[in-house]
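Quick note: residue numbers are just sequence positions, from 1.
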Amino acid sequence: MKDCIIVGGGAAGMVAAIEAKRAGAKSVLLVEKQACLGKKLSQTGNGRANYTNLSMNANAYRSIHPEYIPSFLKYFDCRDSLEYFKALGIYPKFRGDYVYPYSDQAKSMVQCLENALHNLGVEICLQHRVEAISWTEHEGFFIKGKKLVQKGGVESSSQKDKDSDSALVFGNKEKKKKKEKNKKEKVEWEEKEFSLQGRKLLIATGGLAMEALGASGEGYEIAKNLSHTVSNLFPSLVPIYTKEDYVKLWAGVRVDVRAGLYKEQDLIFQDEGELQCTDYGISGIIVFQMSRLVHRLLQDKAKFSLELSFLPKFEEAEAKNYFLKRKELLEREKGDAFLLGLFPEKLSQVLYERTAFPLKQKIQDISDQKILELCQLCLHFPFLPERIGDFQRAQCTAGGVNLSEIFIPDFQSKKNPDLYFAGEILDVDGICGGYNLHFAFGSGILAGRAMGKKND
């Protein structure tokens with residue numbers, strides 16, 4: 001029987017295993033269904049891993065129970081993150097408030113974490129898919145599932161462990177040798193059943209976002225079977241789709257905008273940033289930040305509107321005066337040159353088309369009313385959301401295991417003192433800027449420390 005078993009070898013799971021061992025757990029086992037650890041982490045932030053933010057605050061997070069977030073940040077804030085990773089050899093690089101590894105490589109974070117796991121003697125089961133978990137007060141947790149093994153009985157891991165029917169994986173050298181060997185000879189795999197037993201259990205299986213990187217959400221069913229409540233799940237930090245035909249014209253354009261989201265007449269979101277125009281709608285960080293709100297409004301069938309200003313640095317009166325002045329400056333040109341130099345050509349075509357702007361007419365002959373109509377559209381471009389993107393396009397999952405059922409800062413279950421949760425499986429999601437990774441690492445670190453300390 002293992003002292004601590006962590007299911008999920010992502011950001012939260014790796015640091016939890018490290019901290020459980022450091023805190024005193026004699027045997028720590030990390031179980032991962034993928035063939036490697038930290039697959040999603042190695043590709044997050046365009047492969048650069050924005051792992052925390054200097055402006056760390058509770059308002060950056062969303063949850064059914066947001067009142068628990070300040071308690072978490074009290075025990076693990078930005079300074080704690082910076083010091084933790086510095087101790088692992090990861091020096092920070094700052095882009096404004098965003099914090100990255102100095103190497104600008106997310107993979108270096110994974111490698112540093114793998115090295116720490118190896119040095120501490122944490123056992124790792126790769127290609128082990130957990131399918132069922134049960135618990136008894138006297139015997140702890142029983143875990144069953146399927147593992148991949150080479151045909152002929154060779155384990156998918158590098159060295160057998162009799163207790164757990166698993167193996168110790170020593171960093172990247174072992175995996176590199178295995179890859180080179182597999183290239184030379186074709187390896188055939190088959191599934192076999194496995195079973196594990198442990199006193200303490202941490203579920204850090206992630207969410208549903210990024211299925212291509214292995215997300216499947218099996219942890220939610222495990223949580224339900226262990227008597228926990230899982231709130232409604234939906235994609236977060238995703239593009240927004242529309243049925244409007246004009247998007248086919250502007251596909252590929254990147255432009256700075258100010259976005260305003262209104263419920264009835266009330267402004268509920270406003271931000272400035274780069275907008276990515278796509279053939280299905282809009283994308284980019286500014287869109288991701290409001291996608292969760294748009295989803296809620298659509299679900300509630302609320303009356304709302306979304307406006308884009310393609311002149312984010314202009315006040316309304318200033319923009320109108322400039323457009324009329326521009327009419328004088330370009331009076332000898334034809335209408336199709338009016339927005340030349342202001343916007344990318346594809347965007348200008350959309351704006352011209354939607355105002356029926358006279359492209360062949362000389363600008364001096366175009367009425368002030370038509371000029372101001374074009375200006376108004378540039379300042380208040382109505383975008384009609386149809387839906388948000390799915391989990392394939394999402395950066396994280398909204399919803400999850402209810403925070404009211406978890407003790408903070410230990411991330412221990414209120415229903416079972418031997419059970420813990422960390423990372424994306426919990427009902428916490430943040431805006432862009434390193435907040436989601438900060439929560440994954442922080443919850444994993446705090447849960448791991450609590451697990452290790454509580455072992456006799």
Side-chain angles (χ1 to χ4, degrees), residues 1-10 12-21 23-33 68 122-126 128-147 161-166 192-207 216-231 233 399-428 443-456:
M1 178 186 288
K2 301 299 178 185
D3 284 344
C4 300
I5 296 179
I6 291 100
V7 179
M14 284 190 285
V15 293
I18 290 168
E19 291 308 300
K21 193 71 173 177
K26 293 180 181 178
S27 56
V28 178
L29 176 63
L30 182 57
V31 183
E32 169 56 41
K33 65 184 177 182
Y68 291 98
V122 172
E123 301 171 62
I124 302 171
C125 287
L126 297 177
H128 280 57
R129 187 178 73 252
V130 173
E131 296 180 335
I133 297 178
S134 59
W135 177 83
T136 63
E137 186 175 355
H138 299 294
E139 296 183 308
F141 292 94
F142 289 91
I143 301 172
K144 293 184 179 180
K146 299 283 178 61
K147 62 184 176 182
D161 174 79
K162 293 179 182 178
D163 259 346
S164 63
D165 197 21
S166 66
K192 286 190 176 181
E193 293 183 353
F194 74 88
S195 60
L196 303 165
Q197 186 179 4
R199 293 186 181 89
K200 308 284 183 181
L201 176 69
L202 169 66
I203 306 297
T205 50
S216 54
E218 68 276 6
Y220 299 118
E221 288 305 314
I222 292 172
K224 290 177 185 177
N225 291 336
L226 294 172
S227 302
H228 275 275
T229 305
V230 176
S231 63
L233 305 169
V401 175
N402 198 311
L403 282 187
S404 67
E405 300 172 357
I406 306 295
F407 287 112
I408 307 293
D410 290 353
F411 288 90
Q412 178 189 39
S413 166
K414 292 180 180 179
K415 297 175 179 288
N416 186 328
D418 297 330
L419 178 63
Y420 300 78
F421 293 92
E424 194 175 351
I425 192 172
L426 291 162
D427 175 32
V428 178
S443 59
I445 288 167
L446 295 172
R449 288 172 182 168
M451 288 179 79
K453 287 179 183 178
K454 290 178 182 293
N455 276 280
D456 298 324

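Lys415 contributes atom NZ, which lies 6.5 Å from atom OG of Ser227 (distance to the nearest 0.5 angstrom). Considering CD1 of Ile6 and CD of Glu32, their distance stands at 12.5 Å, rounded to 0.5 Å. Atom OH of Tyr420 sits about 12.0 Å away from atom CG of Leu446, to the nearest 0.5 Å.
Listed by chain and residue number, Asn402, Glu405 satisfy the side chain to side chain contact (heavy atoms under 4.5 Å, CB included) test with Thr229 (two or more places apart in sequence, or in another chain). The side chain to side chain donor-acceptor pair (under 3.5 Å) search around Ser413 returns His228, not counting sequence neighbours. The salt bridge (charged side-chain N to carboxylate O under 4.0 Å, His left out) test applied to Glu218 returns Lys33, not counting sequence neighbours. The salt bridge (charged side-chain N to carboxylate O under 4.0 Å, His left out) test applied to Glu19 returns Arg22, Arg449, not counting sequence neighbours. By the side chain to side chain donor-acceptor pair (under 3.5 Å) test, Ser134 is found to be paired with no residue, residues two or more places apart in sequence or in another chain being considered. Here Lys414 pairs with nothing under the salt bridge (charged side-chain N to carboxylate O under 4.0 Å, His left out) rule; sequence neighbours left out.
Contact of the Tyr220 side chain with the Ile203 side chain is not registered, since no non-hydrogen atoms from C-beta on lie closer than 4.5 Å. The side-chain heavy atoms of Ile133 and Asn225, taken from C-beta on, include no pair separated by under 4.5 Å. Taking the side chain as every heavy atom from C-beta outward, Glu193 and Lys146 approach each other to under 4.5 Å. Looking only at side-chain heavy atoms (C-beta outward), Leu201 and Trp135 stay at 4.5 Å or farther from each other. By the 4.5 Å heavy-atom criterion applied to side chains, Phe141 and Asn416 are counted as neighbours. Considering only heavy atoms from C-beta on, Tyr68 comes within 4.5 Å of Ser404 through its side chain.
Between Val28 and Ala20, the shortest heavy-atom contact is CG2-CB, 4.0 Å. The minimum heavy-atom distance linking Leu202 with Ala422 is given by the pair CD1-N, 3.7 Å. Shortest non-hydrogen contact noted between Leu233 and Gly399 is CD2-C, 3.6 Å. Contact detail for Ser27 and Met1: the closest heavy-atom pair is OG-O, 4.2 Å. Phe194 and Lys147 make their closest contact through CD2-N, 3.8 Å (heavy atoms, listed as atom of the first residue, atom of the second, distance). For the residue pair Ser443 and Gly423, the shortest heavy atom distance occurs at OG-N, 2.9 Å.
Of the possible polar contacts, none joining the Ser195 side chain to the Lys144 backbone as a donor-acceptor pair under 3.5 Å is found.
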Item to check | Check against side-chain contact (heavy atoms from CB on, under 4.5 Å), Val401 and Ile406 | outcome: CA-CA 9 Å; Val401 175; Ile406 306 295; 4.2 Å; yes

Item to check | Verdict with supporting geometry, Leu403 and Leu426, side-chain contact (heavy atoms from CB on, under 4.5 Å) | outcome: CA-CA 7 Å; Leu403 282 187; Leu426 291 162; 4.3 Å; yes

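Each of Lys21, Lys26, Arg199 was scored for a salt bridge (charged side-chain N to carboxylate O under 4.0 Å, His left out) with Asp3, with one residue passing: Arg199. No option in Leu196, Leu30, Val130 other than Leu196 meets the side chain to side chain contact (heavy atoms under 4.5 Å, CB included) test with Ile5.
Counting only residues at least two apart or on different chains, the salt bridge (Lys or Arg N to Asp or Glu O under 4.0 Å) pairs with a member in residues 131-140 are Arg129-Glu131.
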